[in-house]
There are 2 protein chains.
Amino acid sequence: MESVASAGRGRGPERKPEEVKSAARVLEVLELLGADGARLSLAEMAASMAVPKSSLHAILRTMQARGWVDLDPSGTRYSLGLKALLTGTAYLEGDDVTSLAGPVLDALAEETGEAVHLGRLDGTHVVYLAKRESRHALRMYSAVGRRLPAHATGLGKAVLAQYDPAEVQRRLDWPLERLTPDTVVDPEEFLAQLAEARLRGWAADDGENSVDIRCVAVALGSGQGEDAISCSAPKSRMDDARMEEIAQAVTEAAHSLSTLLKRLGPH
Amino acid sequence: MESVASAGRGRGPERKPEEVKSAARVLEVLELLGADGARLSLAEMAASMAVPKSSLHAILRTMQARGWVDLDPSGTRYSLGLKALLTGTAYLEGDDVTSLAGPVLDALAEETGEAVHLGRLDGTHVVYLAKRESRHALRMYSAVGRRLPAHATGLGKAVLAQYDPAEVQRRLDWPLERLTPDTVVDPEEFLAQLAEARLRGWAADDGENSVDIRCVAVALGSGQGEDAISCSAPKSRMDDARMEEIAQAVTEAAHSLSTLLKRLGPH
DNA sequence: TTCGATCGTTCAGAAGACCGAATGACGTTG
DNA sequence: CAACGTCATTCGGTCTTCTGAACGATCGAA
């Protein structure tokens with residue numbers, strides 16, 4: 001065992017300097033199983049991750065022993081385990097914004113009668129943290145944990161409007177993806193919308209991620225939060241006048257929640 | 001052919017034979033941060049997990065780089081990251097039972113007007129996988145991902161009633177924990193309740209985990225599933241007669257969902 | 001300011017995990 | 001019925017990560 005040890009940096013193809021290999025693989029497995037419907041065999045995952053089967057085998061064993069992945073009765077197909085669900089919902093419970101938002105969202109949903117969401121910017125996307133259903137029969141689909149492109153949602157635009165155009169340009173993936181015929185993909189038009197939202201105090205979405213759905217959103221905090229709340233409804237129930245009404249209600253709710261957060265934050 | 005087969009690790013104090021150390025630690029971090037409100041420093045976690053700080057440091061770095069844990073602006077307090085939420089909700093989307101249950105739960109909630117739950121047995125506890133709110137102003141608190149002791153819930157008893165008394169005895173932690181004055185903690189009484197539930201086809205909970213809440217539950221599948229659906233209401237809205245009515249509705253819903261599952265399962 | 005405590009971070013030796021090929025167990029096909 | 005493809009699993013040698021102690025940064029108090 002001579003082996004002068006040395007730095008060991010020499011040969012690695014493209015390894016990040018400070019990453020624990022097995023740790024990264026555990027997370028990659030969770031993300032892979034979470035991405036699709038997720039029912040993969042060991043061989044499939046090994047191929048997809050470019051990792052030797054034998055190495056992955058030991059990792060999956062560890063994960064299975066702790067309930068983070070489940071294995072078919074046949075013993076050949078992995079899926080996410082219950083621990084993943086428990087930890088995921090714990091994220092919501094441990095989050096100050098989500099915890100405090102409950103009553104505010106209830107009140108806003110009660111006042112408007114429409115679907116209400118709390119969302120957080122995560123890279124180029126927005127994640128729903130909480131929602132309240134509309135009282136009407138005709139409802140939009142949404143779910144906590146769901147991700148939508150930020151540039152095509154009221155929530156995303158409300159948060160992005162807080163930043164400089166240069167910062168926005170840096171944060172998003174260009175060109176912007178088109179989700180519906182009405183999605184704004186032109187950079188200038190998009191930045192103009194953000195400027196308008198900043199002046200007006202609220203951001204809009206007019207069928208840009210779901211056809212026929214309009215949405216009004218306001219960011220929380222004062223210039224540095226990544227969160228926003230919104231109210232959405234079908235166009236048939238939200239003309240321009242109603243949109244202004246709702247915008248005022250959402251603005252008040254956002255202000256009230258921001259105040260709550262500032263009171264509890266510094267503690 | 002048993003070859004040389006170097007048998008046991010002579011020296012390891014009490015290490016599981018086949019576990020990847022870093023992998024287990026990643027999962028333990030997630031569980032630790034998910035357990036409480038969860039805002040822990042590196043030193044606190046290292047102490048709580050009995051792991052050297054330096055080892056944990058590298059792991060947390062890896063987790064942070066991938067968005068699985070967040071770090072305070074101050075850089076001294078870790079909490080769960082957004083990836084945890086995304087993966088957790090993916091568990092629900094990838095689950096056949098939860099996905100197919102939607103319409104059935106909607107119908108049952110509509111028919112009874114009361115809170116409806118889908119739950120799964122996980123060790124000694126039951127986890128809520130889906131819920132529908134009551135139409136009434138007086139509601140019970142519940143949340144997807146929440147865990148309750150199986151022995152004190154209708155859902156848990158419905159699932160456990162499928163097993164032999166010996167199997168039940170093996171699965172639960174004795175003595176049974178008392179959650180309310182009405183929680184059944186006597187082993188004989190508990191097993192008698194399960195026997196009754198098996199004969200009758202549905203399990204009951206009468207204020208055993210939440211004072212004043214009654215619940216009717218029926219297991220899915222035919223003798224080997226770990227899932228059940230239930231309907232809960234305050235005692236003021238659920239007398240014995242109403243309970244029988246609701247039991248019939250829940251039984252029909254459970255049967256209908258089981259049929260759906262068998263049709264899609266073998267595929 | 002100075003001290004002290006607490007925290008995150010770094011580094012070389014020591015321990016353990018990773019890798020690739022070979023094995024056994026299925027289920028499927030010709 | 002037998003040969004094949006695919007699957008999970010095992011095994012030692014090599015290389016990575018883990019460890020414990022020392023370092024540096026940060027904050028609060030004296």
Side-chain angles (χ1 to χ4, degrees), chain A residues 1-29 33 39-65 69-79 266-267, chain B residues 1-29 33 39-65 69-79 266-267:
Chain A
M1 303 182 208
E2 69 243 271
S3 86
V4 203
S6 80
R9 208 42 49 63
R11 226 182 16 254
E14 306 192 36
R15 285 282 319 294
K16 307 248 176 84
E18 307 292 356
E19 267 217 335
V20 178
K21 209 187 292 193
S22 320
R25 284 173 177 176
V26 166
L27 303 179
E28 204 173 337
V29 165
L33 289 177
R39 209 142 306 191
L40 303 172
S41 72
L42 172 84
E44 285 167 347
M45 300 178 69
S48 158
M49 294 169 58
V51 161
K53 284 188 301 181
S54 51
S55 307
L56 202 54
H57 177 66
I59 292 189
L60 285 171
R61 234 220 251 254
T62 305
M63 297 177 74
Q64 187 193 355
V69 298
D70 288 338
L71 193 49
D72 274 2
S74 75
T76 185
R77 216 105 215 155
Y78 289 92
S79 57
H267 163 63
Chain B
M1 295 359 146
E2 40 210 291
S3 51
V4 275
S6 60
R9 301 280 180 280
R11 226 179 20 248
E14 304 193 36
R15 288 279 322 293
K16 306 242 175 92
E18 308 293 354
E19 267 217 335
V20 178
K21 209 187 296 193
S22 322
R25 284 169 178 180
V26 166
L27 303 179
E28 204 172 338
V29 165
L33 289 177
R39 208 142 309 191
L40 303 172
S41 71
L42 179 123
E44 285 167 346
M45 300 178 68
S48 158
M49 294 169 57
V51 161
K53 284 188 302 180
S54 51
S55 307
L56 203 54
H57 177 66
I59 291 187
L60 285 171
R61 241 231 246 272
T62 305
M63 298 178 74
Q64 187 192 357
V69 298
D70 288 338
L71 193 49
D72 274 5
S74 74
T76 186
R77 217 104 214 157
Y78 289 92
S79 57
H267 167 61

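Since the model is a prediction, treat every value here as computed from it, not as a measurement. Sequence lines set the chain letters: A, B, ... in the order given, protein chains first and strands last, and positions in each chain run from 1.
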Novice: Among the nucleotides C:dT10, D:dA8, C:dC19, which one has an atom lying closest to any side-chain atom of A:R25?
Specialist: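 Per side-chain heavy atoms of A:R25, the pick is C:dC19.
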Novice: Which nucleotide wins on minimum distance to the side chain of A:H57, given the candidates C:dC19, D:dA8, C:dC7?
Specialist: D:dA8
Novice: I want to verify a distance call: between C:dC19, D:dT19, D:dT9, whose nearest atom is closest to the A:K53 side chain?
Specialist: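 Side chain of A:K53 sits closest to D:dT9.
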Novice: Using a 4.5 Å cut-off on heavy atoms from C-beta on, say whether the side chain of B:H57 contacts that of B:K53.
Specialist: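 B:K53 does not reach B:H57 side chain to side chain.
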Novice: Ignoring the backbone of A:Y78, work out which of D:dT16, D:dT9, C:dG20 is nearest its side chain.
Specialist: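 The nucleotide sitting nearest to the side chain is D:dT9.
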Novice: A:D72 CG to D:dC7 P: how many Å, rounded?
Specialist: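 Spelled out: CG on A:D72 to P on D:dC7 is 14 Å.
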Novice: Using a 4.5 Å cut-off on heavy atoms from C-beta on, say whether the side chain of B:L60 contacts that of B:L71.
Specialist: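 B:L71 vs B:L60: side chains apart.
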Novice: Can you find a pair of side-chain heavy atoms, one from B:E19 and one from B:R25, that are under 4.5 Å apart?
Specialist: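 With C-beta onward as the side chain, the pair stays apart.
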Novice: Figure out the CD1/P separation between B:I59 and C:dG8, and round it to whole Å.
Specialist: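 Value for this atom pair: 15 Å.
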Novice: Base, sugar-phosphate or nothing for A:T76? Non-hydrogen atoms, less than 4.0 Å.
Specialist: sugar-phosphate
Novice: To the nearest Å, give me how far apart CG (B:L56) and P (C:dC7) are.
Specialist: 14 Å
Novice: Provide, to the nearest angstrom, the distance between the NZ atom belonging to A:K21 and the P atom belonging to D:dT14.
Specialist: 16 Å
Novice: Test A:E44 against A:R77 for salt bridge (charged side-chain N to carboxylate O under 4.0 Å, His left out), laying out the working first.
Specialist: CA-CA 10 Å; A:E44 285 167 347; A:R77 216 105 215 155; 2.8 Å; yes
Novice: Atom CG of A:L42 to atom P of C:dC19: distance rounded to whole Å?
Specialist: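 In whole Å, C:dC19 P lies 13 Å from A:L42 CG.
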Novice: For A:E44 and D:dT6, give me the distance from atom CD to atom C1', rounded to whole Å.
Specialist: 11 Å
Novice: Quickly work out the B:L60 CG to C:dC7 P distance and round it to whole Å.
Specialist: 14 Å
Novice: Return the nearest nucleotide to the side chain of A:S55; candidates are C:dA17, D:dT9, C:dC19.
Specialist: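 Of all the options, the side chain of A:S55 is nearest to C:dC19.
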Novice: Contact class for B:S41 (heavy atom, under 4.0 Å): base, sugar-phosphate, or nothing?
Specialist: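 Contact class for B:S41: sugar-phosphate only.
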Novice: Closest to the B:R61 side chain: D:dT17, C:dT10, D:dA8?
Specialist: C:dT10
Novice: To the side chain of A:V51, which of C:dG8, C:dC19, D:dT9 is closest?
Specialist: C:dC19
Novice: Rounded to whole Å, how long is the line connecting atom CG of B:L40 with atom P of C:dG8?
Specialist: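 Rounding to the nearest Å, CG of B:L40 and P of C:dG8 are 11 Å apart.
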Novice: What contact category does B:R77 fall into here, base, sugar-phosphate, or nothing, at under 4.0 angstrom with non-hydrogen atoms?
Specialist: nothing
Novice: With rounding to the nearest 0.5 angstrom, report the CG to CE distance, B:L33 to B:M63.
Specialist: 7.0 Å
